[in-house]
Amino acid sequence: MSEEKILQTLTGTIIFQKTNEGSKSESMQPFLYVNQNQVVHVFMNNSNPFENNSLQAYDGCNVTVEGYMNNETLVINSINSNAE
């Protein structure tokens, strides 16, 4: 039986950070900073998780995303920049 995916809408700033420093898996990964107490690892649906090219344009931008949680990662279905 498959688990139901519950859509969530979150607003915050996309920031790329180095993860797994010093290992073969070291890479720059995107996180959504919702507030000082909530930071969520994010991944764009149907994107290469090792490159994250589809999210790089949003690095440092305030965005609203819609997606679902898969383990500890928010899989993004849609993203909109909140730039004025």
Side-chain angles (χ1 to χ4, degrees):
M1 185 173 196
S2 65
E3 188 175 316
E4 184 179 340
K5 296 176 182 175
I6 299 170
L7 286 179
Q8 297 183 33
T9 301
L10 297 173
T11 298
T13 303
I14 297 281
I15 302 288
F16 275 74
Q17 290 186 318
K18 189 179 289 187
T19 60
N20 303 314
E21 206 164 343
S23 77
K24 290 182 185 177
S25 301
E26 181 177 304
S27 64
M28 296 296 287
Q29 292 291 307
F31 292 85
L32 181 68
Y33 281 73
V34 179
N35 59 48
Q36 67 184 35
N37 297 319
Q38 186 178 11
V39 178
V40 182
H41 183 244
V42 293
F43 165 73
M44 191 70 170
N45 200 12
N46 297 320
S47 184
N48 182 329
F50 300 104
E51 295 177 4
N52 295 295
N53 292 334
S54 56
L55 290 175
Q56 288 179 359
Y58 296 99
D59 190 16
C61 295
N62 185 273
V63 296
T64 298
V65 298
E66 183 178 86
Y68 61 90
M69 292 302 293
N70 183 7
N71 296 319
E72 299 294 319
T73 301
L74 180 68
V75 180
I76 298 173
N77 293 328
S78 68
I79 185 167
N80 293 300
S81 175
N82 296 326
E84 296 184 19

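Count residues from 1 along the sequence. Computed from a prediction, not measured in an experiment: that's the story for all the values here. No hydrogens, no waters, no symmetry mates; every other heavy atom, side chains included, goes into these values.
- Residues that satisfy the side-chain hydrogen bond (donor to acceptor under 3.5 Å, both in side chains) test with N35, not counting sequence neighbours, are absent from this structure.
- The salt bridge (Lys or Arg N to Asp or Glu O under 4.0 Å) contacts involving residues 29-38 comprise nothing, where partners must be two or more places apart or lie in separate chains.
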Mind listing the side-chain donor-acceptor pairs of residues 65-81 below 3.5 Å, one per line with the distance, residues two or more places apart or on another chain?
| unit_1 | atom_1 | unit_2 | atom_2 | d |
| --- | --- | --- | --- | --- |
| T73 | OG1 | H41 | ND1 | 3.0 |
| N77 | OD1 | N45 | ND2 | 3.3 |
| S81 | OG | A83 | N | 3.2 |

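- Using a 4.5 Å cut-off between side-chain heavy atoms of Ile, Leu, Val, Met, Phe, Trp and Tyr, L7 forms no hydrophobic cluster with any other residue.
- No single ILVMFWY cluster, assembled from side-chain heavy atoms under 4.5 Å apart, contains both V39 and M44.
- Residues satisfying the side chain to side chain contact (heavy atoms under 4.5 Å, CB included) criterion with T64, sequence neighbours excluded, are T9, T11, N82.
- For N46, there are no side chain to side chain contact (heavy atoms under 4.5 Å, CB included) partners at least two apart in sequence or on another chain.
- One hydrophobic cluster, built from ILVMFWY side chains closer than 4.5 Å, cannot hold both F43 and L10; they sit in different ones.
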Pairs under 3.5 angstrom only: tabulate donor-acceptor contacts from the side chains of residues 13-22 to other protein residues two or more places apart or in another chain.
| unit_1 | atom_1 | unit_2 | atom_2 | d |
| --- | --- | --- | --- | --- |
| Q17 | OE1 | Y33 | OH | 3.2 |
| Q17 | NE2 | Y33 | OH | 2.6 |
| T19 | OG1 | S27 | O | 3.3 |

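- Under the side-chain hydrogen bond (donor to acceptor under 3.5 Å, both in side chains) criterion, E51 pairs with N53, not counting sequence neighbours.
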